[in-house]
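Whatever order the structure lists them in is the order used to number ligands and atoms, beginning at 1. Hydrogens, waters and symmetry mates are skipped; everything else that's a heavy atom, side chains included, is used. One is the number of the first residue; the rest follow in order along the sequence.
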Amino acid sequence: MSIESRKIDHLRLAAELPQSMASGFDDVMFVHRTFPEVSFAEISLQTNVAGTFFSAPFWINAMTGGSEPSAQVNRDLAIAARELGLAMAVGSQRAALRDDSLRESYTVVRKENPGGIVIANLSAAATIDDVLRAVDMLDAQYIQLHANAPQELVMPEGDRNFKGILKGVETIIRHCPVPVIIKEVGFGMCRETYRQLTEIGARIVDVSGRGGTNFIAIENQRRSEWPMDDLRLWGQTTVVSLLEAEGFQNQLTFLASGGVRNPLDCIKCLALGAQGVGLAGFILRTYRSSGLQGLIDCLQHWLHEVRVIMTMLGCRTLQELNAIPVWIRGETADWCEVRNID
Ligand code: FNR
């Protein structure tokens, strides 16, 4: 199975499979106050991720590249990012590092958006050499290193050995010229992972939790026999992953993704301490169903509604939103009790 045909399968299955699981966002509640005492006009959506200002608190997360259909998708997503001032990550660039003819399916993102924030992407098992080439390919401001052990293990042709990855990530962090974001792919993170990451000098994580795109379900569809359906609920939700960050906020910048369905979910991530929110499956499905202009209109509406909710909450800035109290119920509250999270 070539990387190219796997990428095509992923795009198709991620768009087609239902978002079946509880993402935890419905367990997070705000208390409405009658007098917000702010004006819609003074709301700022700006966020600072390790020293660079993003004009919007959400972005297009890593999805694709490395095949002909994905070149078209990346071009259109880059146009949407440019039109709305959103940052955008590409999918894993491994394919282009192996085969020069696939570079354009990634570089099109920088070509369409020369002044924008573009985020490179490789596996956490990559070498520093590969990382330097991937950043250079896109003139990227950041690189995401994705860790996806469950996906690899369920994928028939996936990796089986995960030894030494943290050591490699430590080397990359030390030598990479741009900030490194350590990222999950929809299985979430926990405090034990945050501790390991702080020990190797990591500064930024994208918790990318369970509840949206589910790579165990996707890889199960691609297996010809013995699907591992019992693993479909594996991992922590995005909400739980952010709650697990308690005690690490001074050492790590937390970014959220995984199962974000609407502007309210996005606001909930920010209220739980995230500095920004990545959208993948939602973007792909909207693009598939409504095309480029439909996606731009939808995300334009998101920018508006995020401001609406911030006004209702009386928060002028993301810093104020980060500090607002939230109430947690249901399975997420049970998790907090078991794990002793305040
Ligand atoms: C992804 N994701 C991903 N992540 C990554 O770091 N490198 C990659 O190459 C890919 N590839 C990829 C392909 C497709 C089609 C999708 C939908 C997703 C994972 C993505 O960035 C994100 O972490 C998860 O999808 C969870 O977010 P959503 O989809 O629930 O919003």
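Heavy atoms of Phe215 found under 4.0 angstrom from ligand 1 belong exclusively to the side chain. For Thr213, heavy-atom contacts with ligand 1 shorter than 4.0 Å involve the backbone as well as the side chain. Both the backbone and the side chain of Ser92 come within 4.0 Å of ligand 1, counting heavy atoms alone.
Per-residue contacts place Ser208 under 4.0 angstrom from the following atoms of ligand 1 (heavy atoms of the residue considered): 22 (C), 23 (O), 24 (C), 26 (C). Of all atoms in ligand 1, listed by their number and element, those nearer than 4.0 Å to a heavy atom of Glu184 are 23 (O). Of all atoms in ligand 1, listed by their number and element, those nearer than 4.0 Å to a heavy atom of Gly259 are 28 (P), 30 (O), 31 (O). For ligand 1, the atoms sitting less than 4.0 Å from at least one non-hydrogen atom of Gly91 are 9 (O), numbered in the order shown with element in parentheses. Listed by number with element, the atoms of ligand 1 under 4.0 angstrom from any heavy atom of Gly212 are 30 (O). Applying the 4.0 Å criterion to heavy atoms of Gly281 picks out, from ligand 1, the atoms 28 (P), 29 (O), 31 (O). Every atom of ligand 1 with a heavy atom of His10 under 4.0 Å away is listed here by number and element: 15 (C).
The aromatic ring centres of Phe282 and Phe58 sit 6.0 Å or more apart. Separation of the Phe215 and Phe187 ring centroids does not fall under the 6.0 Å cut-off.
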task: Report the C-alpha separation of Arg82 and Glu112 in whole Å, then their side-chain angles, then the decisive distance to 0.1 Å, and conclude whether the salt bridge (charged side-chain N to carboxylate O under 4.0 Å, His left out) test is met.
output: CA-CA 8 Å; Arg82 183 189 69 213; Glu112 289 296 343; 3.2 Å; yes
- request: Starting from the C-alpha separation in whole Å, work towards a yes-or-no answer on ring-ring contact (aromatic ring centres under 6.0 Å, His included) for Phe40 and His304.
  value: CA-CA 10 Å; Phe40 184 84; His304 175 78; 5.4 Å; yes
message: Quick one, Glu219 with Arg223, criterion salt bridge (charged side-chain N to carboxylate O under 4.0 Å, His left out). Give me CA distance, side-chain angles, the key distance, then yes/no.
response: CA-CA 6 Å; Glu219 296 301 341; Arg223 288 178 75 92; over 6 Å; no
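By heavy-atom distance, the residue among Met63, Arg261, Lys183 lying nearest atom 19 (C) of ligand 1 is Lys183. Taking all heavy atoms of Ala89, Ala14, Gly258, Gly278 into account, the minimum distance to atom 27 (O) of ligand 1 is reached by Gly258.
The hydrophobic clustering, which links ILVMFWY residues whose side-chain heavy atoms are closer than 4.5 Å, places Leu197 and Ile204 apart. Linking Ile, Leu, Val, Met, Phe, Trp and Tyr residues whenever their side-chain heavy atoms come within less than 4.5 Å places Leu318 and Ile309 in a single cluster.
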